Number of protein chains: 2
Amino acid sequence: MTKQYRIGAFSKLVGLSAYTLRYYEDQGLIVAHRDANDVRFYTEADIRWVGFILHLKGTGMRLNDLKRYVRLRAQGDATIEERRDMLQKVKDDAEADIAELQMHLQVLGHKIDWYDGKVDQTIADTESFHDYLQQFNEQGADKDG
Amino acid sequence: MTKQYRIGAFSKLVGLSAYTLRYYEDQGLIVAHRDANDVRFYTEADIRWVGFILHLKGTGMRLNDLKRYVRLRAQGDATIEERRDMLQKVKDDAEADIAELQMHLQVLGHKIDWYDGKVDQTIADTESFHDYLQQFNEQGADKDG
DNA sequence: ACTTGCCTTAGAGTGCACTTTAAGGTGTTT
DNA sequence: AAACACCTTAAAGTGCACTCTAAGGCAAGT
């Protein structure tokens, strides 16, 4: 009834190489089904599971943590809180990363503006980027990161 | 007059190991000054330069691109536009990364909410995360990412 | 018959950015 | 005199997540 995919087709579907799918299986992240000839096949549910793995990886979760998450999942509902907390930490970390990234981007943006000023002469030839930056730095800035 | 720092002190100041500072110098990213005994020293201006390098690295710029940037910088004002364009690309890429990250984070957030619902019983024991997710997916969603 | 797609294990290779070691040295401080 | 901070070059090691090769073998399609 529900569609089945062998590793080649599944690979294209989820955007991971067949190598990587076997590697993830080795690592215990995925369990493939097998046909009568021991050939792997995957179903719609596996698409969703790999999709979720990719969301987790996409937020910066490491394979080791992913493995722990999968082990907890296998232990059933008793581990729901622990899994929730894992995800919360991943989320908090990712949000901190974004905040830091945006801080760096702000400086980058100023530098680009400064270059634009140099090119169209609205910034004096003699003004250094450091001096130019001061105006965005007037008060309330921390010294580092 | 202006303060000088040897590699150990400078290392603590900028948060890079002495190894890394020498490595960056090898790679042409930094030029250290030398005293009469060939011992490296750094000044306030070097703090600012390393700071800027860290902003660039912080937005995901690779060492190879950083090297190219530094080479262009050494060639003077004629390369300003090229440098501007490099930074713009780094910025655009980083912003795309953030957008993707936030997309992943949204799913993560939903999963956390779903766990919370399981824990306090506001979500039926039988409801799958996939079904739960559908409500945020009503229309206008692309299939992937 | 041959090609294609899949299977196995074990191990090597890749890319990036460091990080450390080895094995010698100089100069300053305690 | 010993400890400490620094210097050199060249090379090896680390961590992560793949990525690929080797060398064998099955099963289905053309």
Side-chain angles (χ1 to χ4, degrees), chain A residues 3-43 46 50-70 90 93-94 97 100-101 104, chain B residues 3-43 46 50-70 90 93-94 97 100-101 104:
Chain A
K3 213 163 174 236
Q4 297 184 183
Y5 308 90
R6 299 207 308 179
I7 200 166
F10 190 66
S11 162
K12 278 164 198 161
L13 218 53
V14 298
L16 293 173
S17 75
Y19 291 135
T20 303
L21 288 169
R22 290 193 201 99
Y23 171 69
Y24 279 7
E25 195 175 329
D26 272 3
Q27 302 299 305
L29 301 186
I30 302 174
V31 183
H33 317 269
R34 300 296 181 122
D35 71 11
N37 296 312
D38 263 342
V39 171
R40 285 175 185 83
F41 69 88
Y42 304 85
T43 67
D46 297 318
V50 171
F52 184 59
I53 284 181
L54 292 179
H55 284 307
L56 293 183
K57 277 196 55 63
T59 47
M61 198 169 175
R62 311 293 204 157
L63 280 212
N64 271 347
D65 289 334
L66 218 30
K67 286 185 207 174
R68 189 160 86 84
Y69 181 84
V70 171
V90 168
D93 289 352
D97 286 351
E100 211 185 301
L101 206 59
H104 293 308
Chain B
K3 211 160 175 238
Q4 296 183 181
Y5 308 89
R6 299 210 306 182
I7 201 165
F10 190 66
S11 163
K12 278 163 198 163
L13 219 53
V14 299
L16 293 173
S17 75
Y19 292 135
T20 303
L21 287 169
R22 292 196 201 97
Y23 171 70
Y24 279 7
E25 195 174 331
D26 272 2
Q27 301 300 305
L29 302 186
I30 303 174
V31 183
H33 317 269
R34 301 296 181 123
D35 71 12
N37 296 312
D38 263 343
V39 171
R40 287 176 184 82
F41 70 89
Y42 305 85
T43 67
D46 297 318
V50 172
F52 184 59
I53 285 182
L54 292 179
H55 284 307
L56 294 183
K57 277 195 55 64
T59 47
M61 199 168 175
R62 311 293 205 159
L63 281 212
N64 272 347
D65 289 334
L66 218 29
K67 286 186 208 173
R68 188 159 88 83
Y69 181 84
V70 171
V90 168
D93 289 353
D97 286 352
E100 211 184 300
L101 206 58
H104 293 306

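Keep in mind that what you see is a predicted model, and the values were worked out from it rather than measured. These numbers come from the heavy atoms of this one structure, side chains and all, not from hydrogens, waters or symmetry mates. Labels below follow one simple rule: chain letters A, B, ... track the order of the sequence lines, proteins then strands, and each chain is numbered from 1.
- Residue Y24(A) contributes atom OH, which lies 11 Å from atom C1' of dC16(D) at whole-angstrom precision.
- Atom NZ of K67(B) has more than 12 heavy atoms from other residues, nucleotides or ligands within 6.0 Å.
- Within the 4.5 Å cutoff, side-chain heavy atoms of I53(A) are placed close to those of L66(A).
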Going 5' to 3' along nucleotides 2-13 of chain D, which nucleotides have protein heavy atoms under 4.0 Å from the base (write B), which only from the sugar-phosphate (write S), and which from neither (write -)?
---SSSS-----

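- Considering every non-hydrogen atom in both T59(B) and A94(B), the closest pair reads O-CB, 3.7 Å.
- Separating the CG atom of N64(A) from the P atom of dT14(D) is a distance of 17 Å, rounded to the nearest angstrom.
- Each of dC18(C), dT19(D), dT19(C) was ranked by its minimum atom distance to the side chain of Y19(B); first place goes to dT19(C).
- Counting only heavy atoms from C-beta on, K57(A) has its side chain closest to dC18(D) among dC18(D), dC16(C), dT20(C).
- Atom CE of M61(B) is separated from atom P of dC18(C) by 14 Å (rounded to the nearest Å).
- Between the P atom of dG15(C) and the CG atom of D65(B) lies a distance of 16 Å, rounded to the nearest Å.
- Here dT20(C) presents its C1' atom at 14 Å from OH of Y23(B), a figure rounded to the nearest Å.
- If you measure from atom CG of L66(B) to atom P of dA17(C), you get 9 Å, rounded to the nearest angstrom.
- With hydrogens and angles disregarded, a donor-acceptor distance shorter than 3.5 Å links the side chain of D46(A) to the backbone of T43(A).
- Between S11(B) and A18(B) the shortest heavy-atom distance is OG-N, 3.7 Å.
- Contact of the R40(A) side chain with the H33(A) side chain is not registered, since no non-hydrogen atoms from C-beta on lie closer than 4.5 Å.
- When the side-chain nitrogen and oxygen atoms of T20(B) are compared with OP1 and OP2 of dT19(C), one or more of them lie within a distance under 4.0 Å.
- Counting heavy atoms from C-beta on, the side chains of V90(A) and L56(A) never come closer than 4.5 Å.
- Summarising the geometry, the separation between CG on L29(B) and P on dA17(C) is reported as 10 Å, rounded to the nearest angstrom.
- In this structure, the CG atom of L21(B) is 12 Å from the C1' atom of dC18(C), given to the nearest Å.
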